[in-house]
Amino acid sequence: MEFSTIKGFKDILPEEVGPWQRLEQTARHVFHCFGYREIKTPLLERTELFSRSIGEETDIVSKEMYTFHDSKGRGMTLRPEATASLTRAYIQNRLYHQSPVQKLFTIGPMFRHEQPQKGRFRQFHQIDAEIFGDPGPMSDAELILMAMEILRLLDLEGLTLAVNSLGCPECRPGFRSELSKFLAQKTGALCDNCTRRARTNPLRIFDCKVPACGQAVAGAPSVLDFCCEACRAHFKGLQGYLEEAQIPFRVDHRLVRGLDYYTRTAFEIQTDLLGAQNAVVGGGRYDQLTQQLGGPDLPAIGFAMGMERVVALMERRGEAMPERPDLFICALGTEAGKAAFVWMTDLRRSGFWVEMDYSGKGLKAQMKRAHRLGARRALIVGEDELAAGKAVLRDMDNKRQEEVALEGLTSHLQQALRQND
RNA sequence: GUGGGUGUAGCUCAGUUGGCAGAGCACUGGGUUGUGGCCCCAGUUGUCGAGGGUUCAAGUCCCUUCAUCCACCCCA
């Protein structure tokens, strides 16, 4: 085969598309109920938008972006996530003038040049929701509830919610330096990976599987101990609302996110059914980002749901029940074929799914095809029927047949086909 | 970027010490000249991932390469 999809990119085939549609439909329904409006932004943005919001030192920016230069030498990047683009759109279009609080969602592909593995692709799809302009913990709770609600409506099991607070610019530096100080005493006790992490992403060390590292950080300081009063109250408020809504959750002090812009609330909805990738939804608050990108100083919070991962969970549990044609017309002979084509078109215009065979095969072959397609009924019409002014309507499930007059056939069929459920 | 597994028919996979490229499913036709599923019979489908090497002979052994999956890192 000369051409095939490039590494980490996938075709979603017709037989796979069912769960995708159900997921998107469900999400749109929930967004409607929660008052979120759809926004569509370009897949391509200036590189600086991502490097400045996500963070120059993060894995995403430092090694995972699809970046190229246009003819004028400007850096262009396929979006690796949606928040930066939505924030840009929010600022550029001054949506905050319309109304201080904007609740937005978008659905579409993201691109990261990573090594593909289970649940991880170079082009993947996210359902993304953001609230701009509201600082309070009630917004945090609403957003989390909304993500949980989408997953609940899909009947997915085995999902757990983890929440944490990362502090704010007031209190985080204190924690960071304290943790660094602590880790500095432990150099030598840590594995190579963690020695590097101590510099780049200290909180990750808590996750290390090497036993020695676990022991080394046993007495390390915890973020929550360093939170300022405001952050503490915020986090407490969030937990209160989650409890009110009867959403079970777990406070996970080690929950860190790989993007620099997060402040205060961070959360993940996790599963242990997807191999090494346990996050189905990830999100958090980013109160400084709008200002950082040159907009007004307004808070925001958002989440991203990995569609491939949710779809994998749906498929794992079995799904489907493919749709069935309402009618298959078996026409024998050119005259009958011509008449059938007209009836078929008429019924399709009336909203029915109707199929027929164009190849002129025998009745047996056509019946076989009708069966393969799962047609509920078959209409059999040949020269005899045309002459007699009648056709045979067969119920494919119970094999009962009846004669129907060709006179006013389509309106009669419409009536018969409506009795499907 | 690093490590390991796997590449043979449309799909799932067998293939022995190197000796004619296989099965099941699917598909097509027939048994039933105008009635689907079950059954029976017949048939179609291959650069054995690619390139090179060893050999009388390579799907099988050696080298190289590519793809894919899983894992590390990190993330949805």
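We name chains A, B, ... by the order of the sequence lines, and we start the count at 1 in each one.
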Please set out all donor-acceptor pairs under 3.5 angstrom arising from side-chain atoms of residues 274-282 of chain A, sequence neighbours excluded.
unit_1   : atom_1 : unit_2   : atom_2 : d
A:Gln277 : NE2    : A:Lys118 : O      : 2.4

Looking at A:Glu383 and B:G34, is any side-chain donor or acceptor paired with a base atom of the opposite kind under 3.5 Å?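 Not at all, since no donor on one side and acceptor on the other fall under 3.5 Å apart.
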Establish whether the base of B:C73 is bridged to the side chain of A:Arg120 by a donor-acceptor pair shorter than 3.5 Å.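 A donor-acceptor contact between them is present.
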Please determine, for [N], whether a Watson-Crick or G-U wobble partner exists with both distances under 3.5 Å, and give it or none.
| N | result |
| --- | --- |
| B:U33 | none |
| B:U54 | none |
| B:U45 | none |

Taking 4.0 Å as the cut-off, does a side-chain nitrogen or oxygen of [X] come that near to OP1 or OP2 on [N]?
| X | N | result |
| --- | --- | --- |
| A:Lys10 | B:C69 | yes |
| A:Lys364 | B:U32 | no |
| A:Gln117 | B:C72 | yes |

Let me know, please, whether A:Leu332 or A:Gly8 comes out on the 5' side of the other along RNA chain B by nearest nucleotide.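 Taking each residue's closest nucleotide, the earlier one in sequence belongs to A:Leu332.
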Give a yes or no on whether a salt bridge exists between A:Arg348 and A:Asp326, defined as a side-chain N under 4.0 angstrom from a carboxylate O.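 Result for this pair is no, no salt bridge flagged.
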Would you call A:Arg376-A:Asp397 a salt bridge at under 4.0 Å N-O?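 Looking at A:Asp397 together with A:Arg376, the answer is no, because their closest N to O distance does not fall below 4.0 Å.
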Interface with RNA chain B, restricted to residues 274-283 of chain A and to heavy atoms under 4.0 Å: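 Hits under 4.0 Å, by residue number: A:Gly275, A:Ala276, A:Gln277, A:Asn278, A:Ala279, A:Val280, A:Val281, A:Gly282.
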Contact residues, residues 386-398 of chain A to RNA chain B [heavy atom, < 4.0 Å]: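 Per residue number, the list reads A:Arg394, A:Met396.
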Please work out which of the three classes, parallel, tilted or perpendicular, describes the rings of A:Phe31 and A:Phe105, given edges at 30° and 60°.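 Judged by the thresholds at 30° and 60°, the geometry between A:Phe105 and A:Phe31 is parallel.
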Tell me if the centroids of the rings in A:Tyr96 and A:Tyr90 come within less than 6.0 Å of each other.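 Centroid separation for A:Tyr96 and A:Tyr90: below 6.0 Å.
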